[in-house]
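Note that the coordinates shown come from a computational prediction; the quantities given were computed from them, not determined experimentally. Counting from 1, the numbers follow the sequence of the chain as shown. Computation of the quantities below employed the complete heavy-atom set of this structure, encompassing side-chain atoms and omitting hydrogens, waters and symmetry-equivalent molecules.
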Amino acid sequence: MDVSVSPDVPQDSALQALDTAAAELRNDPAWSQALVDGPRILGLQSFDQNSSIIRLQVRTAPARHDDVARELRRRIQLQFQRQGIALSNVRRIELVRPSGAPQADSPAPPA
């Protein structure tokens, strides 16, 4: 599982939050029987100006992969919210054409 965080977040903070979420899942009796190994934090997988990608590894019992992944993502999000950790720097950009401006595929009005 890859987790994307803002490159502005100190790696130690992000790793600690992920470790806390992973430990909570491991220690939860309702989920521990679905785990074969992990979750383990493998470390920083990649980074760029928009995000740092941290990779985790989890081995699960047969047919439990999706359930465990969803629960781990939920716990990670909650832990990040508690600690104020931003997920990434990617922002939504919306381009709006001013009213009366010609569309890109139509000719400009006569002058």
> side-chain contact (heavy atoms from CB on, under 4.5 Å) between Thr60 and Val36: does it pass, once the steps are laid out?
Replying inline: CA-CA 5 Å; Thr60 67; Val36 174; 5.5 Å; no
> CZ of Arg82: more than 12 outside heavy atoms within 6.0 angstrom?
Replying inline: yes
>> With a 3.5 Å distance limit and no angle check, can you tell me whether Asp19 reaches the backbone of Ala22 through a side-chain donor-acceptor pair?
In response: no
> How long is the span from the CG atom in Leu25 to the CZ atom in Arg75, to the nearest 0.5 Å?
Replying inline: 5.0 Å
> Atom CG of Asp8 and atom OG of Ser13: how far apart are they, to the nearest 0.5 Å?
Replying inline: 12.0 Å
>> Within the structure provided, determine whether Ile54 and Gln11 are in side-chain contact (heavy-atom separation under 4.5 Å).
In response: yes
>> With a 4.5 Å cut-off on side-chain heavy atoms, are Gln57 and Pro39 touching?
In response: no
>> Contact between Trp31 and Arg64 at the side-chain level, heavy atoms closer than 4.5 Å - yes or no?
In response: yes
>> Please report the interatomic distance CZ(Phe47) to OG(Ser6), rounded to the nearest 0.5 Å.
In response: 13.5 Å
> Is there side-chain contact between Val5 and Val3, with at least one heavy-atom pair below 4.5 Å?
Replying inline: yes
> What closest approach, in Å, do Val68 and Leu35 show between heavy atoms, and which atom pair accounts for it?
Replying inline: CG1-CD2, 3.7 Å
> Which heavy-atom pair separates Gln49 from Pro7 by the least distance, and what is that distance?
Replying inline: O-CG, 3.5 Å
>> Could you measure the distance from the CG atom of Leu72 to the CD atom of Glu24? Nearest 0.5 Å is fine.
In response: 10.5 Å
>> Please check: side-chain N/O of Arg40 versus main-chain N/O of Val58, any donor-acceptor pairing under 3.5 Å?
In response: no
>> To the closest 0.5 Å, what do you measure between CD1 (Ile41) and CE (Met1)?
In response: 11.5 Å
>> I'd like to know if the side chain of Asn27 and the backbone of Ala23 have a donor-acceptor N/O pair within less than 3.5 Å.
In response: yes
>> Would you compute the distance between atom CG of Leu15 and atom CG of Leu56 and round it to the nearest 0.5 angstrom?
In response: 9.0 Å
> In terms of hydrophobic clustering (I, L, V, M, F, W, Y; side-chain heavy atoms under 4.5 Å; direct or indirect links), are Val9 and Leu44 co-clustered?
Replying inline: yes
> Can you name the closest pair of heavy atoms from Phe80 and Ala17 and give their distance?
Replying inline: CE1-CB, 3.6 Å
> So, Thr20 versus Gln16: side-chain donor-acceptor pair below 3.5 Å or not?
Replying inline: yes
